[in-house]
Number of protein chains: 2
Amino acid sequence: MTSRPEDTDRTFPAGIAARLRREILTGELPPGSALKERDNAQRLGVSRTPLREAVRILGQEGLVTLRPLRSPVVADPSLAEVLDEIAVLRQLEIFSGGLACQNATPEEVELIAALAADVAAHHATGDKVDVFDQDMRMHTAIADAAHNAALSRTYREYLARLWRVRFVSARERADAPRVLADHQDMIAALRARDSQRMTAAIASHLDGMVRNVTRHFQNREGNARQP
Amino acid sequence: MTSRPEDTDRTFPAGIAARLRREILTGELPPGSALKERDNAQRLGVSRTPLREAVRILGQEGLVTLRPLRSPVVADPSLAEVLDEIAVLRQLEIFSGGLACQNATPEEVELIAALAADVAAHHATGDKVDVFDQDMRMHTAIADAAHNAALSRTYREYLARLWRVRFVSARERADAPRVLADHQDMIAALRARDSQRMTAAIASHLDGMVRNVTRHFQNREGNARQP
DNA sequence: AATCGGGGTATGGTATACCAAAATCCGAAA
DNA sequence: TTTCGGATTTTGGTATACCATACCCCGATT
């Protein structure tokens with residue numbers, strides 16, 4: 001088969017990366033598993049070259065770990081590493097929030113409010129993945145409202161990198177009320193251009209994330225230890 | 001020629017990236033110029049594959065802009081984009097400084113002091129590129145002393161991305177005294193575990209960077225406009 | 001003289017062949 | 001039975017051939 005990249009394609013290496021990313025985030029490719037070039041290339045119906053490039057993209061995103069002359073493996077970060085990342089995310093989000101209070105246009109504020117409403121609406125009904133995407137969209141909208149392109153980019157990176165841990169942590173226990181309350185608080189702060197309040201809401205939000213993730217790791221510790 | 005990568009080598013694609021990076025930062029490859037795969041591969045004596053990978057690395061660092069089906073070009077960011085990046089760098093560095101005051105070991109503090117001394121020593125003598133490398137090493141050492149791996153990584157990214165603008169901005173006018181004074185201030189703050197003072201020193205440092213860069217862009221505006 | 005179209009060329013994207021290092025497996029020796 | 005060493009296999013790294021598309025130049029037409 002000389003390959004038929006006609007189906008789920010899009011600029012190719014990026015498309016491959018997207019497929020692999022989803023497989024990693026959903027757990028089809030579990031943490032610690034090796035990504036052999038030849039196997040995955042054949043499985044996805046492409047040659048090794050674009051697959052290689054896709055793996056590098058994921059490596060940059062922190063979803064896979066690259067080792068010289070060895071198979072890349074799906075990343076399996078420790079609690080400490082994740083908490084480090086959350087700490088940086090917190091700083092980025094607080095910075096975003098402050099700038100957004102200062103720079104957001106009224107239209108952007110309303111867009112953010114609408115996205116928050118979407119999250120609240122779908123929280124009970126829709127599937128978790130969709131809700132998480134909604135949530136991510138709302139938060140990146142805040143980052144965008146800061147009107148700092150570099151900040152948006154880096155913030156998105158961190159959010160994507162933490163997507164999986166947040167997901168598996170959040171589905172163990174739903175602390176929806178607090179999350180949604182934080183969102184409302186953020187919007188109120190944004191409308192009032194009150195960066196103090198914004199910072200407080202964001203801090204609460206991130207504290208919740210730290211609690212969820214920590215509990216998740218502790219539970220996992222109590223359970224199975226893979227060989 | 002089947003190539004003999006024995007000279008300036010190191011894991012290859014990273015080595016190629018380092019060479020290209022230096023050429024970009026020194027201006028041998030001016031902003032806006034195209035990086036043709038075949039030409040550069042032959043010039044550097046490697047094949048297109050590793051060169052491609054090197055270019056992607058530089059793209060990730062923001063030194064080159066990648067366009068689908070077009071030659072990558074050496075990036076030429078606007079003043080606004082650079083100022084945005086500096087704003088994020090400032091937040092990251094302030095965060096690092098605070099954590100370093102809290103977490104740095106005495107050995108790390110002395111290492112940082114030694115690196116600062118290197119910068120000061122080479123400032124008059126050595127070539128600008130080396131001094132800048134020294135400077136970068138010192139600042140990344142501070143970030144490392146924060147003991148947050150994610151923060152170190154992202155901080156390094158920003159420093160690398162801003163390397164060139166800082167370089168071309170700094171060589172127009174030497175504000176060495178202030179820079180070196182800031183360094184001394186940082187080290188004093190670190191020794192005293194005084195994160196307030198650390199924040200102040202970093203802010204001064206970054207303000208200087210903003211001034212330099214802004215002046216550089218204004219001068220360039222006054223001069224030639226390339227077609 | 002200006003503009004539009006077509007064909008040739010330059011260039012990035014992809015596939016594949018080849019190479020070298022790593023891991024693995026198996027047998028022989030203790 | 002265990003362990004050590006070497007041959008085989010596996011796998012990532014590199015080079016190169018091939019393909020598709022965008023660019024560019026030139027000529028024909030208005």
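Each chain gets a letter, A, B and so on, in the order the sequences are listed, and its residues count up from 1.
- Note on B:Arg52: a side-chain N or O is less than 4.0 Å away from OP1 or OP2 of C:dG13.
- Rounded to the nearest 0.5 Å, atoms CG (B:Leu92) and CD (B:Glu157) are 9.5 Å apart.
- Between B:Arg161 and B:Glu81 there is no salt bridge, since none of the side-chain N atoms of the basic residue sits less than 4.0 Å from a carboxylate O of the acidic one.
- Between C:dT16 and A:Ser47, no contact under 4.0 Å exists linking OP1 or OP2 to a side-chain N or O.
- Between the CZ atom of B:Arg67 and the C1' atom of C:dG13 there is a distance of 15 Å, rounded to whole Å.
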What protein N or O atoms touch nucleotides 22-25 of chain D N or O atoms at under 3.5 angstrom, if any, and at what distances?
residue	atom	partner	partner atom	Å
D:dC23	OP1	B:Arg70	NE	3.1
D:dC23	OP1	B:Arg70	NH1	2.6
D:dC23	OP1	B:Arg70	NH2	3.1

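- Among the protein residues, B:Leu35 comes within range of the sugar-phosphate backbone only, with heavy atoms under 4.0 Å from sugar or phosphate atoms but none that close to a base.
- Taking the side chain of B:Arg38 as heavy atoms from C-beta on, and the options C:dG13, D:dG13, D:dT14, the nearest nucleotide is C:dG13.
- The side chain of B:Arg48 has D:dA17 as its nearest neighbour among D:dG13, D:dA17, C:dT11.
- In this structure, CG of B:Leu66 is placed 13 Å from C1' of C:dG13, rounded to the nearest angstrom.
- Residue order along DNA chain C, read from the 5' end via each residue's closest nucleotide, puts B:Lys36 first among A:Pro50 and B:Lys36.
- For the residue pair B:His147/B:Glu108, the side-chain donor-acceptor check at 3.5 Å is satisfied.
- Rounded to whole Å, the distance from CD on A:Glu37 to P on C:dT16 is 15 Å.
- Within 6.0 Å of CZ in A:Arg22 there are 12 or fewer heavy atoms belonging to other residues, nucleotides or ligands.
- Going from atom CD of B:Glu53 over to atom P of D:dT16 covers 17 Å, rounded to whole Å.
- By the side-chain contact (heavy atoms from CB on, under 4.5 Å) test, A:Leu159 is found to be paired with A:Leu89, A:Met136, A:His139, A:Thr140, A:Tyr155, A:Arg166, residues two or more places apart in sequence or in another chain being considered.
- Residue B:Arg56 places no side-chain N or O under 4.0 Å from the OP1 or OP2 atom of C:dG12.
- Formation of a donor-acceptor pair under 3.5 Å by the A:Asp135 side chain with backbone atoms of A:Val131 is not found in this model.
- C:dA15 atom C1' lies 15 Å from atom CG of A:Leu44, rounded to whole Å.
- Among the nucleotides C:dT16, C:dG12, D:dA15, the one closest to any side-chain atom of A:Thr49 is C:dT16.
- Salt bridge annotation for B:Glu28-B:Arg19: absent, with no cationic side-chain nitrogen under 4.0 angstrom from a carboxylate oxygen.
- Counting to the nearest Å, the C1' atom of D:dT10 and the CG atom of A:Asp39 are 10 Å from each other.
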